[in-house]
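These notes are about the structure you will find just below.
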Amino acid sequence: MVSDEVLDANPGGRAHAAADAFGDDELTSWCADLLADRVQWGSPTRPDVGWVGGRQAGTWGSPQRLNADTAYWARGWAARTLLYIWTPSCVPEVVFALGDPAWRVREMCCKVAARWNVGPAAGRCLDLLGDETPRVRAAAVRVLGAVGEAEHSDSICSALEHENEVVREAAERALTHLETRLDRALRR
């Protein structure tokens, strides 16, 4: 049984509690397997770490209640857990999940890629600059600022002209970050 204190904790607190209970490797492996669709939420072959989703996982996120329309929440919770608990072995699954059908999962995997400097995510994030969801485009441009190279600067500069203010602001910060990282001016 998971305590109310853990269920009511913020996502980082829940992730750290799960890591304390099961170990970083077991937890991140479970998250990676969810992202890669190798295991389903509530699988009897894996430890019950579903509480990383918080109270909502316990109320409507039970394996019996998740269906084709809501199953993406489990992948989103898994990706969000990887923001706090990380092992480099998760890189392929995070990059894979950048193509998830659910925009919230794509966005969260971008956040993970930017947080942990997942270099292989840059190519997929170039594609996500055309995503239909502005939040995904903004998150993807942040990844390019974090791990991109000079050849990505034109794509980031194009995002400076985007119709959505959130994307423009993310592009400005990403370009500044990329210029600082590469120690050179990249603006057109």
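Computed from a predicted model, the values in this text were never measured in an experiment. Start at 1 with the first residue, then count along the sequence.
Identified under the salt bridge (Lys or Arg N to Asp or Glu O under 4.0 Å) test for residues 135-162, with sequence neighbours left out: Glu107-Arg135. Applying the salt bridge (Lys or Arg N to Asp or Glu O under 4.0 Å) test to every pair with at least one member in residues 165-174, sequence neighbours left out, gives these pairs: Glu172-Arg187. Applying the salt bridge (Lys or Arg N to Asp or Glu O under 4.0 Å) test to residues at least two apart or on different chains, the pairs with a partner in residues 118-132 are Arg106-Asp131.
Every residue meeting the side chain to side chain donor-acceptor pair (under 3.5 Å) condition with Ser29, not counting sequence neighbours, appears here in chain and number order: Arg46. Residues that satisfy the side-chain contact (heavy atoms from CB on, under 4.5 Å) test with Arg181, not counting sequence neighbours, are His177, Leu178. For Arg184, the side chain to side chain donor-acceptor pair (under 3.5 Å) criterion is met by no residue, not counting sequence neighbours. For Ser158, the side-chain contact (heavy atoms from CB on, under 4.5 Å) partners at least two apart in sequence or on another chain are Arg188. Qualifying side chain to side chain donor-acceptor pair (under 3.5 Å) partners for Arg38, counting only residues two or more places apart in sequence or in other chains: Asp33, Glu93. With sequence neighbours left out, the side-chain contact (heavy atoms from CB on, under 4.5 Å) criterion links Gln40 to Asp37. The side chain to side chain donor-acceptor pair (under 3.5 Å) search around Thr87 returns Thr28, Ser89, not counting sequence neighbours. Applying the side-chain contact (heavy atoms from CB on, under 4.5 Å) test to Pro11 and every residue at least two apart in sequence or in another chain returns Arg14, Arg80, Tyr84.
With rounding to the nearest 0.5 Å, the separation of NE2 in His16 from CG in Leu27 is 10.0 Å. Going from atom CG of Leu128 over to atom SG of Cys110 covers 5.0 Å, rounded to the nearest 0.5 Å. If you take SG on Cys109 and CG on Leu35, they are separated by 5.0 Å, rounding to the nearest 0.5 Å. Atom CE of Met108 sits about 9.5 Å away from atom OG1 of Thr81, to the nearest 0.5 Å.
A donor-acceptor pair is defined here as one N or O able to donate and one able to accept, closer than 3.5 Å; no such pair exists between the side chain of Trp77 and the backbone of Tyr72.
Pairing each heavy atom of Gly145 with each of Ile156, the nearest pair is N-CD1, 4.1 Å. Residues Leu186 and Ala150 approach most closely at CD2-CB, 4.0 Å, considering heavy atoms. Heavy-atom minimum distance, Val39 versus Trp30: CG1-O, 4.3 Å. A pairwise comparison of heavy atoms in Pro120 and Val91 identifies CG-CG1, 3.9 Å as the closest pair. The two residues Ala159 and Val141 make their nearest non-hydrogen contact at CB-CG2, 4.2 Å. Across every non-hydrogen atom of Ala138 and Ala170, the tightest pair is O-CB, 3.6 Å.
No single ILVMFWY cluster, assembled from side-chain heavy atoms under 4.5 Å apart, contains both Val95 and Trp103. Leu175 and Leu144 fall within the same hydrophobic cluster, defined by Ile, Leu, Val, Met, Phe, Trp and Tyr side-chain heavy atoms under 4.5 Å apart, directly or through other members. Both Trp73 and Val94 belong to a single network of hydrophobic side chains, linked directly or stepwise wherever heavy atoms of I, L, V, M, F, W or Y lie under 4.5 Å apart. Linking Ile, Leu, Val, Met, Phe, Trp and Tyr whenever their side-chain heavy atoms come within less than 4.5 Å puts Leu126 and Leu182 in one cluster. Hydrophobic clustering places Ile85 together with Leu82 (ILVMFWY residues linked when any side-chain heavy atoms are closer than 4.5 Å, directly or through intermediates).
Put simply, the side chain of Cys31 does not reach to within 4.5 Å of the side chain of Cys90, judged on heavy atoms.
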Quick one, Val112 with Trp86, criterion side-chain contact (heavy atoms from CB on, under 4.5 Å). Give me CA distance, side-chain angles, the key distance, then yes/no. CA-CA 9 Å; Val112 171; Trp86 177 252; 3.6 Å; yes
Would you please test Trp116 and Val147 for side-chain contact (heavy atoms from CB on, under 4.5 Å) and show each step? CA-CA 9 Å; Trp116 299 109; Val147 303; over 6 Å; no
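Phe96 forms part of no hydrophobic cluster, judged by ILVMFWY side-chain heavy-atom separations under 4.5 Å.
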